[in-house]
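Here is how names work: the chains are called A, B, and so on, in the same order as the sequence lines, proteins then strands, and each is numbered from 1. Computation of the quantities below employed the complete heavy-atom set of this structure, encompassing side-chain atoms and omitting hydrogens, waters and symmetry-equivalent molecules. Keep in mind the model is a prediction, meaning the values are calculated, not measured.
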There are 2 protein chains.
Amino acid sequence: MVDRVTYTSEFPIFYVTVDIAIFTVRDDELCVLLVRRKGEPFRGALALPGGFVAPEEGLMDAARRELGEETGVTDVVLEQLATYGEPGRDPRGRVVSVAHVAVLPRQVEPRAGSDASEALWVPVVPLLAGRRQVAFDHRRILADALERVRAKLEYTTLATAFVAEEFTLSELRHVYEVVWGADFDAGNFQRKMRRTEDFIVETGRTKPSPVGRGRPAATFVARSPGVHPLGSPITRAQPQRG
Amino acid sequence: MVDRVTYTSEFPIFYVTVDIAIFTVRDDELCVLLVRRKGEPFRGALALPGGFVAPEEGLMDAARRELGEETGVTDVVLEQLATYGEPGRDPRGRVVSVAHVAVLPRQVEPRAGSDASEALWVPVVPLLAGRRQVAFDHRRILADALERVRAKLEYTTLATAFVAEEFTLSELRHVYEVVWGADFDAGNFQRKMRRTEDFIVETGRTKPSPVGRGRPAATFVARSPGVHPLGSPITRAQPQRG
DNA sequence: AAAATAGTGTCTATAAGACACTATCAT
DNA sequence: ATGATAGTGTCTTATAGACACTATTTT
């Protein structure tokens, strides 16, 4: 790292950080990983995990590093969300933050990092509806991130990033139901998924229901790793007059 | 502006810039406004207009200012696209660029700014398909911007940003045809637009065809200023087996 | 057998594309 | 009248949602 340099320019000093909104489905709720801040400003408030970008580090590399430091997770779907750089958004100076969205396939027990006294999974919708303090403009970032995840579920294969590598259609349907807060007809969902091209591939194996009873479900894997656009969107459940 | 400061930190120096991909439909082609660089690096190459963010200036404010300086346009649809910050993307140092997309309602004659020897409208698709040199990673940014515009046309009211405040459905259809490079059935397009909620409002006035012959077209205005999501998407023309 | 979950069949409403047709203008 | 563009009618095909039904498992 650079230790002390002389900065000669007519341009101001910028600090560049990354913040990450890490989502997972946990206990029938969409949750985001937040840390409780140890230092000032916003000491004790909830914040998105994140940190400063290193000198020779790419933006997504920085996000991936911070994510690893906070959760120990490495193989994860990560995407740039937007950049927040209003003057005054950070009292320490002109900080431009490149926000990212990450989706975890299963619940991971977070461990606190060096900048946080605590790391915890927080249900997103109640947090955004409530009045709990959130550091900086992270409430706004989180709202944007939620909107992005909900939108991407519709026209990409993002849903598979929430479940294990091998999954049942009930598990996948549960992701949509939790993220969108709407129920799906199980039969129609089944048909839609099986008919959508380039999304899922049946393994030939089955998996018993978690409640112990009922017909075991066929398992599937994502057709290809990562997130890809879908030919036809997965529509949100809308009541039909018929 | 800061003239000379001493920068004491374990964090590196970052420069933050904005770049703007300004699109318009001109002569039956989707065009982007590019400048020819006066100075090094990439002297003489084509580049997106853009520049450094001022000390107390928001990111979109900076983009709007640069856009005004380059084209004289003020009232314009502007949206953040993505941020590009790979180390080495700019030989002058660690430059993080926040790219924006702008859409102009009509062809504007660009005037060269202080950083550019020339400003010109360039057809986008041939540029991306060809081998003309483009400065920095601006070819990549431009490709991302084109993808964004094509996508937004489908599920937002962005198309109205390409036409004058009062427009005919033929003019609007032409935007879709040029941006997507596909023809639409004029009748079906008419029905689709009139039935889509919260998109357009008929003025009651008519406008004669530009070729002088034919029935004058009814004119419309956008239902509300700015870009808004649509309830039902405008689908790209796809051949149907029937 | 009963209960629970997985998966299929089928009907209806809606909407997109194809294309024939009507409407209104200039020459 | 002719040709051009604007706009409507209507047929076909595809698909989403509703919901009844079958299939496969455990208790």
Side-chain angles (χ1 to χ4, degrees), chain A residues 28 153-155 163 166-177 180-197 199-220 230-242, chain B residues 28 153-155 163 166-177 180 182-220 230-242:
Chain A
D28 296 354
L153 217 55
E154 186 161 350
Y155 58 90
V163 294
E166 187 171 342
F167 55 85
T168 69
L169 290 183
S170 289
E171 290 164 356
L172 198 63
R173 178 162 49 85
H174 189 239
V175 169
Y176 283 93
E177 290 176 336
W180 284 347
D183 286 347
F184 277 78
D185 180 277
N188 292 336
F189 184 84
Q190 180 101 210
R191 220 188 336 259
K192 177 66 183 173
M193 287 298 134
R194 288 176 179 275
R195 286 188 187 171
T196 298
E197 307 245 314
F199 195 174
I200 58 175
V201 177
E202 198 162 1
T203 62
R205 291 183 290 275
T206 61
K207 181 178 172 180
S209 166
V211 295
R213 278 191 295 202
R215 174 173 168 179
T219 66
F220 297 80
L230 285 173
S232 58
I234 311 301
T235 53
R236 293 164 161 85
Q238 291 163 12
Q240 204 171 81
R241 286 143 234 164
Chain B
D28 296 354
L153 218 55
E154 185 161 353
Y155 57 91
V163 294
E166 188 171 344
F167 54 87
T168 69
L169 290 183
S170 289
E171 290 164 355
L172 198 62
R173 177 162 49 86
H174 189 239
V175 170
Y176 284 93
E177 290 177 336
W180 284 347
D183 285 348
F184 279 77
D185 180 278
N188 292 335
F189 184 83
Q190 180 102 210
R191 222 190 332 262
K192 176 67 183 173
M193 288 297 134
R194 288 175 178 275
R195 286 189 187 168
T196 298
E197 305 245 316
D198 302 326
F199 195 175
I200 59 175
V201 177
E202 198 163 0
T203 62
R205 289 184 291 275
T206 60
K207 180 179 172 179
S209 167
V211 295
R213 278 191 296 202
R215 174 173 167 179
T219 65
F220 297 80
L230 285 174
S232 57
I234 309 302
T235 53
R236 291 164 161 86
Q238 291 162 11
Q240 204 173 79
R241 287 145 232 162

Separation of atom CZ in Phe184(A) from atom P in dT15(D), rounded to whole Å:
17 Å
May I ask you to decide if Glu166(A)'s main-chain N or O and Thr219(A)'s side chain share a donor-acceptor pair within less than 3.5 Å?
no
Separation of dA15(C) C1' from Phe189(B) CZ (nearest whole Å):
16 Å
Calculate the interatomic distance between Asp183(B) atom CG and dG17(C) atom P; express it in whole Å.
13 Å
Protein-nucleotide distance (Asp185(B), atom CG; dA16(C), atom C1'), rounded to Å
10 Å
Does a distance-only test, which skips hydrogens and angles, find a donor-acceptor pair under 3.5 Å between the side chain of Arg191(B) and the base of dT10(D)?
yes
Round to the nearest Å and state the distance from Arg213(A) atom CZ to dA1(C) atom C1'.
13 Å
Need one value for Ala186(B): base, sugar-phosphate or nothing, where a base atom within 4.0 Å counts as base even if backbone is also close, heavy atoms only.
nothing
Identify whether any heavy atom of Thr168(B) sits under 4.0 Å from a base atom; if not, whether one sits that close to sugar-phosphate; answer base, sugar-phosphate or nothing.
nothing
Side-chain N,O (Ser232(A)) to OP1/OP2 (dT15(D)) below 4.0 Å:
no
Tell me, which of residues 194-209 of chain B have any heavy atom that sits under 4.0 Å from an atom in DNA chain C?
none
Across all chains, not counting sequence neighbours, the side-chain hydrogen bond (donor to acceptor under 3.5 Å, both in side chains) partners of Thr206(A) are none
Pro216(A) or Lys192(A): which one's nearest nucleotide on DNA chain D is closer to the 5' end?
Lys192(A)
Taking only residues two or more places apart in sequence, or in another chain, which ones meet Arg215(B) in a side-chain hydrogen bond (donor to acceptor under 3.5 Å, both in side chains)?
none
Interatomic distance, His174(B) NE2 vs dA6(D) P [rounded to whole Å]
12 Å
Atom pair distance, as rounded to whole Å: CZ in Arg173(A) and P in dA16(D):
16 Å
Which residue lies more 5' along DNA chain C, comparing Thr219(A) with Gly187(B) via nearest heavy atoms:
Thr219(A)
Any residue meeting ring pair (Phe, Tyr, Trp, His ring centres under 6.0 Å) with Phe189(A), in chain and number order, not counting sequence neighbours:
Tyr176(A), Phe184(A)
Please state whether the base of dA18(D) and the side chain of Asn188(A) form at least one donor-acceptor pair under 3.5 Å?
yes
Calculate, to the nearest 0.5 Å, the distance between atoms CZ and CG belonging to Arg191(B) and Asn188(B) respectively.
5.0 Å
Nearest whole Å is fine: how far is dT24(D) P from Arg215(A) CZ?
6 Å
Listed partners of Thr196(B) passing side-chain hydrogen bond (donor to acceptor under 3.5 Å, both in side chains), at least two apart
none
Quick one: side-chain hydrogen bond (donor to acceptor under 3.5 Å, both in side chains) partners of Glu202(A), sequence neighbours excluded?
Arg194(A)
